[in-house]
Amino acid sequence: MSVAADAARTPMVKAEAVRKSFGRLEVLRGVTTEVMPREVMVIIGPSGGGKSTFLRCINHLEKINGGRLWVDGELVGYKQRGAKLYELRDDEVARKRAEIGMVFQSFNLFPHMTALENVMVGPVQVKKENKATVRTRAEDLLERVGLSDKAGSHPAQLSGGQQQRVAIARALAMEPKLMLFDEPTSALDPELVGEVLDVMRGLAEMGMTMIVVTHEIGFAREVGDKLLFMDGGVIVEAGPPRDLISNPREERTRQFLSKVL
Amino acid sequence: MGDAGAPQVGAQTEGGAGTEIKAVPARHPGRWIGTIIVLYLLLALIHAAATNPNFAWGVVTKNLFDGFVLHGVVNTLYLTFLSMILGVALGTILAVMRLSPVRIISGAAWVYIWFFRGTPVYVQLLFWGSIAALTGKYVNIQIPLTGIVVIPNIPTVHLIPPLVAAVLGLGLNEGAYMAEIVRAGILSVGEGQSEAAASLGMTRLKTLRLVVLPQAMRVIVPPTGNETIGMLKTTSLVGATIAYPELLYVVTQVYVVTFQIIPWLLIASIWYLIMTSVLTFGQYYVERYYARGSTRNLPPTPFQRLRALFARNLTTTHAPEAKGPLGPGPLSEAR
């Protein structure tokens with residue numbers, strides 16, 4: 001019991017005054033937050049508010065310019081010895097990314113591989129796992145996202161919703177300790193959104209730690225443990241989803257919610 | 001898919017709006033005039049070729065499959081093959097170098113491409129033909145800048161015989177062109193692909209090998225086919241510069257003795273046409289292979305098209321469209 005409590009005390013993601021700029025444009029202006037293991041954090045906010053950039057900083061697809069960012073107690077992109085920071089090498093960054101799953105708005109499945117190959121390529125090529133074991137696991141995962149019959153299909157033969165579910169299976173095949181979702185349903189036809197959200201809901205119920213950038217307020221309310229409203233590169237307001245949605249304290253939040261609800 | 005029971009919308013109803021249209025086709029006099037002009041010119045050409053004795057068709061048919069000629073054909077193919085391998089390998093390395101974040105590395109690739117694309121390949125081949133004038137009769141192989149000799153006194157002709165000189169000359173030049181083709185291919189793969197690969201924990205090299213290059217092939221292959229066909233023809237410059245017995249060199253050797261210039265040039269031309277035709281045909285299938293995943297349905301092969309054409313002409317009704325041989329068939333019902 002005490003061991004579990006101990007583990008629970010290390011946040012899965014911890015951000016401290018994270019800043020990021022592209023040239024002279026400051027996209028993140030001091031973001032501080034925490035996600036505990038098994039928690040689902042949902043980030044909402046207008047486009048250009050820094051939500052996606054913050055998510056991409058967590059697996060070092062973007063380098064931060066200031067502040068500190070930890071995943072599972074380890075600095076992202078750097079290691080610290082004494083007071084000095086050392087940049088991580090390419091392969092060290094890659095090894096850390098392998099522990100974090102990411103799902104993109106545009107799916108980004110590999111079009112030259114079948115659905116099954118897409119799911120298998122990470123464990124086989126990156127983790128050097130046995131191909132037969134990975135195949136079994138990949139088939140299980142495709143079944144979990146309801147696509148066992150599409151294992152042999154190429155992405156171009158799948159609908160958007162099916163592609164996104166394969167993308168989720170591909171990320172899960174790496175057995176990540178954290179899943180990042182970057183507007184996973186924004187590129188989908190409205191009637192396909194539900195099937196993807198269902199998969200994500202199931203994942204949350206199984207205790208996966210997740211950070212989800214989305215415009216699906218309903219999903220945030222139902223599944224989220226914590227809701228962040230970001231705008232202008234800062235967290236405008238944070239709190240339990242139900243409270244924040246029904247009772248926003250900030251005027252900016254109220255304006256945004258009135259438009260999307 | 002099984003909609004056998006569904007009512008057929010727009011099926012043939014007797015008379016009225018549903019009957020098949022039988023109309024007199026529109027006249028196209030312009031097309032007729034054009035056709036007649038083309039046929040006339042074609043006939044004139046054939047007549048000239050048949051009646052002008054200087055073509056000496058007898059010499060052509062008699063020597064077309066001469067062992068001497070065939071030897072030249074084989075050498076030309078060999079030279080093309082080796083030079084393209086060198087060119088593609090070098091081009092890939094140069095392309096990756098050009099995309100390197102290290103300025104010196106990308107700069108070096110840029111300078112290489114600048115030099116080899118900026119000078120005529122004929123001049124480059126002349127350099128290789130006169131390589132001994134640069135190195136002297138004997139060469140020492142040594143570690144650069146140290147003066148430490150590894151192997152002393154190799155005769156230049158042994159180190160760089162005509163075939164090696166020709167392959168180096170053609171291949172190094174080709175590398176510059178292939179570099180641009182490969183680079184265009186790499187750049188054609190969206191950034192999202194690299195990001196997805198990175199998020200799975202792939203290193204840059206692994207991403208390139210497993211994700212980017214296989215997709216870049218779709219863009220790289222068609223121009224590489226053209227380059228190969230171009231290379232086959234460029235090998236004809238080798239005879240005049242390096243004295244390696246490729247097809248044109250062999251033919252020239254004959255006609256400087258017999259003075260039957262035209263028939264022997266015809267022999268060379270016929271063989272070049274045969275070889276480029278075969279390459280064009282092969283290119284089609286290679287392109288098809290790399291189009292996997294990018295289209296739902298692959299276009300039919302020439303054979304399938306031919307079969308479909310025959311089937312249509314025989315039955316006059318619409319033959320079922322030929323289906324691509326790839327995949328387990330039901331591409332169309334994937335959704």
Side-chain angles (χ1 to χ4, degrees), chain A residues 55-56 58-62 89-115 117-128 149-162 167 170-171 173-174 176 179-180 182 187, chain B residues 1 96 99-102 105 185-186 188-221 286-299 323-335:
Chain A
L55 202 67
R56 291 159 61 83
I58 294 171
N59 70 351
H60 209 47
L61 283 179
E62 307 289 355
R89 286 192 319 264
D90 210 22
D91 58 317
E92 292 171 317
V93 172
R95 211 169 306 140
K96 294 208 170 174
R97 283 197 188 121
E99 300 174 343
I100 304 170
M102 180 141 186
V103 174
F104 300 85
Q105 179 178 355
S106 48
F107 329 135
N108 295 345
L109 288 180
F110 305 131
H112 57 301
M113 301 180 190
T114 63
E117 286 166 347
N118 264 284
V119 180
M120 287 175 66
V121 66
V124 171
Q125 295 289 345
V126 177
K127 290 169 100 179
K128 301 285 172 203
D149 55 328
K150 299 292 182 199
S153 304
H154 280 92
Q157 300 160 357
L158 301 174
S159 72
Q162 292 170 335
R170 174 175 72 176
M174 293 295 286
M179 284 285 285
L180 308 174
D182 188 5
Chain B
M1 299 287 132
V96 174
L99 297 170
S100 163
V102 185
I105 294 177
I186 290 175
S188 77
V189 180
E191 212 177 339
Q193 290 290 309
S194 309
E195 284 181 355
S199 75
L200 285 176
M202 290 190 197
T203 56
R204 219 173 291 185
L205 205 66
K206 220 167 240 169
T207 303
L208 191 70
R209 185 166 60 83
L210 297 170
V211 174
V212 176
L213 278 181
Q215 292 181 65
M217 288 309 272
R218 200 163 49 83
V219 173
I220 294 173
V221 164
V286 177
E287 274 179 35
R288 215 178 124 78
Y289 175 81
Y290 282 107
R292 280 168 321 159
S294 61
T295 46
R296 280 154 193 256
N297 285 301
L298 291 168
K323 228 177 198 176
L326 280 178
L331 295 184
S332 46
E333 58 173 25
R335 260 177 194 267

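Every chain is numbered from 1 and lettered A, B, ... according to where its sequence line falls, protein lines coming before strand lines. All figures in this text were calculated on a predicted structure; none of them were measured in a lab.
The two residues B:A196 and A:F110 make their nearest non-hydrogen contact at CB-CE2, 4.0 Å. Between A:N108 and B:G192, the shortest heavy-atom contact is ND2-O, 3.1 Å. Of all non-hydrogen atoms in A:Q125 and B:L210, the two that sit nearest each other are CG-CD1, 3.5 Å. For the residue pair A:V126 and B:G201, the shortest heavy atom distance occurs at CG1-O, 3.5 Å.
Looking only at heavy-atom pairs under 4.5 Å with chain B, the residue among A:E99, A:K127, A:H60, A:R170 that has the most is A:R170. The candidate with the highest count of non-hydrogen atom pairs below 4.5 Å against chain B, out of A:L180, A:D149, A:L109, A:V93, is A:L109.
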Show your reasoning for whether side chain to side chain contact (heavy atoms under 4.5 Å, CB included) applies to A:H112 and B:M217.
CA-CA 11 Å; A:H112 57 301; B:M217 288 309 272; over 6 Å; no

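Looking only at side-chain heavy atoms (C-beta outward), A:M113 and B:P214 stay at 4.5 Å or farther from each other.
Annotation: the span from B:M202 atom CE to A:D91 atom CG amounts to 15.5 Å, rounded to 0.5 Å. In this structure, CD in A:E62 is found 7.0 Å from CD in B:E195, a value given to the nearest 0.5 Å.
For A:D90, the salt bridge (Lys or Arg N to Asp or Glu O under 4.0 Å) partners are B:R204, not counting sequence neighbours. Checked against salt bridge (Lys or Arg N to Asp or Glu O under 4.0 Å), A:K96 has the following partners two or more places apart in sequence or in another chain: A:E74.
Using a 4.5 Å cut-off between heavy atoms, A:F104 touches chain B through its side chain atoms alone.
When each of A:I100, A:N59, A:D182 is tested with B:S199 by the rule side-chain contact (heavy atoms from CB on, under 4.5 Å), just one qualifies, namely A:N59.
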